[in-house]
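Presented below is the structure to which this report refers.
Residue numbering restarts at 1 for every chain, and letters A, B, ... go by the order of the sequence lines.
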There are 2 protein chains.
Amino acid sequence: MTSPRQTRADRRRATEERILDKAREEFAARGFDRTTIRAVAGAAGVDPALVMQYFGSKRELFGRAVQTFTAPAPEAADADAFADRMLATLGLKLGGLPEGTLAVLRSMLTDPAAADHVRTALGGQIAGAGAAVPAHDDRELRAALAVTTLLGVTIGHQLLGLPALREASPDRIAALLRPALNALAEAAPGPDAAGA
Amino acid sequence: MTSPRQTRADRRRATEERILDKAREEFAARGFDRTTIRAVAGAAGVDPALVMQYFGSKRELFGRAVQTFTAPAPEAADADAFADRMLATLGLKLGGLPEGTLAVLRSMLTDPAAADHVRTALGGQIAGAGAAVPAHDDRELRAALAVTTLLGVTIGHQLLGLPALREASPDRIAALLRPALNALAEAAPGPDAAGA
DNA sequence: TTGTTCGGTCAACGGCTGTAGAGTCGCGGT
DNA sequence: ACCGCGACTCTACAGCCGTTGACCGAACAA
């Protein structure tokens, strides 16, 4: 093998990356609280103290591990593209979304910092989706419902592993979801809708 | 005051109930891992050892605290009642669902036991909802999508506290959600739907 | 070669947690 | 009046965790 003369900085970056990778896996599988620095270090073949030396604290390690998760707000011109855009995001999700994202999602219900992270990301996604919804006076609400719908399906599928969803193909799910999302974006509520 | 001559067994039941109440609050607010027996005992004005003596272990305390959460499967005859039934469940949810339920939901992503609990309950709910969906070959999948949709909205609203949902009235949310649920139950997917 | 920087390890501390066992005190039956 | 049972408390242990500081050896610059 022609070893490319691995310099010291190279080695450093490599270990750092390996730690980050294993941390992502662990955080995604067990969440923030149950993930131990010792376990991450062990998986990366490294001493726990090194993790601290590189990342300062468990919290910062988590931050670095999930920093790639800044959901790009889907941009879509009209309501038709709206559902497609969202489903594309979900399509990516159903195929298996990045481990950093799984990590934040897994921790969001028990770790306030992760919850903030998700709230912000979802907020951006809602704003982006809202722009694609026809100008109702409740665009934001409709967008929020669409986004949380996708969130629920993703949780049920990826994090809870509901059999009914695991058995289905992503395409089928997307096909069934599309009319539902369109209903959220387009249709006006029936005249008997209760106001408040 | 006519004190009803509180017997010893009465006092015992009262303390037990108080511990269970505070445990539910704590589990609902912080999840299983972050809830400490010491905190529960403190909130109940009781020694931590007593909690152990009464409930055996933290795990059993959790079990007792959330045992009321066995979501009754909604029974509905046709697809029309389908959405209404589910929304009624959500209506209850939006009004503030029982703390035991919040506790399991909060813990489900990080605690496998809670995840099992939710998977089972959701499975029952899916089966119940599936019976109300017109006889497609994918009734169960459609029902699962409807249930996870509601799950997502509930999480976004109750556990994450998304502003866009908090600001809206439950009735409005229900009105917007209804067509989406109907779309899941009724409409056949377009002929271009990809099979698998 | 010599001195130094730096990737990496070792050992340890302090805090918090679930849990166990012995003990205290007062109500309730006799 | 007496005694026992049971509600409740005190104290302590053992384990695990995040975090720290001293230390070692090899790669680098001079």
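- With respect to the salt-bridge test (charged N to carboxylate O, under 4.0 angstrom), the residues A:Arg30 and B:Asp33 do not qualify.
- For the pair B:Arg30 CZ and C:dC16 P, the computed distance is 16 Å after rounding to whole Å.
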Shorter than 3.5 Å, N or O on both sides, protein versus nucleotides 17-21 of chain C: list them out with atom names.
from: C:dG18; atom 1: OP1; to: B:Thr35; atom 2: O; distance (Å): 3.4
from: C:dG18; atom 1: OP1; to: B:Lys58; atom 2: NZ; distance (Å): 3.1
from: C:dG18; atom 1: OP2; to: B:Ile37; atom 2: N; distance (Å): 3.2
from: C:dG18; atom 1: N7; to: B:Arg38; atom 2: NH1; distance (Å): 2.9
from: C:dG18; atom 1: O6; to: B:Arg38; atom 2: NH2; distance (Å): 3.3
from: C:dT19; atom 1: OP2; to: B:Lys58; atom 2: N; distance (Å): 2.8

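- B:Phe62 and B:Phe27 have perpendicular rings, their planes meeting at more than 60° on a 0 to 90° scale where under 30° would count as parallel.
- The pair B:Arg18-B:Asp21 fails the salt-bridge criterion, with no side-chain N (NZ, NE, NH1 or NH2) lying under 4.0 Å from an Asp/Glu carboxylate O.
- A salt bridge does not link B:Arg13 with B:Glu17: none of the charged nitrogens is closer than 4.0 Å to a carboxylate oxygen.
- As a whole-Å value, the separation of A:Arg18 CZ from C:dG7 C1' is 12 Å.
- The nearest whole Å value for the distance from the CG atom in B:Leu50 to the C1' atom in D:dG6 is 11 Å.
- The existence of a salt bridge linking B:Glu26 and B:Lys22 is excluded, since no basic side-chain nitrogen approaches an acidic carboxylate oxygen closer than 4.0 Å.
- Side-chain proximity of A:Arg8 to the nucleotides D:dT9, D:dC8, D:dC28 is greatest for D:dC28.
- Here D:dT20 presents its P atom at 16 Å from CZ of A:Phe55, a figure rounded to the nearest Å.
- Close to C:dG8, at under 4.0 Å from its OP1 or OP2, lies a side-chain N or O of A:Tyr54.
- For the pair A:Arg12 and C:dG7, the criterion of a side-chain N or O lying under 4.0 Å from OP1 or OP2 is met.
- The side chain of A:Thr15 places an N or O atom within less than 4.0 Å of a non-bridging phosphate oxygen (OP1 or OP2) of C:dG8.
- Residue A:Ser107 comes nearest to A:Gly31 through the heavy atom pair OG-CA, 3.5 Å, listed as atom of the first residue, atom of the second, then distance.
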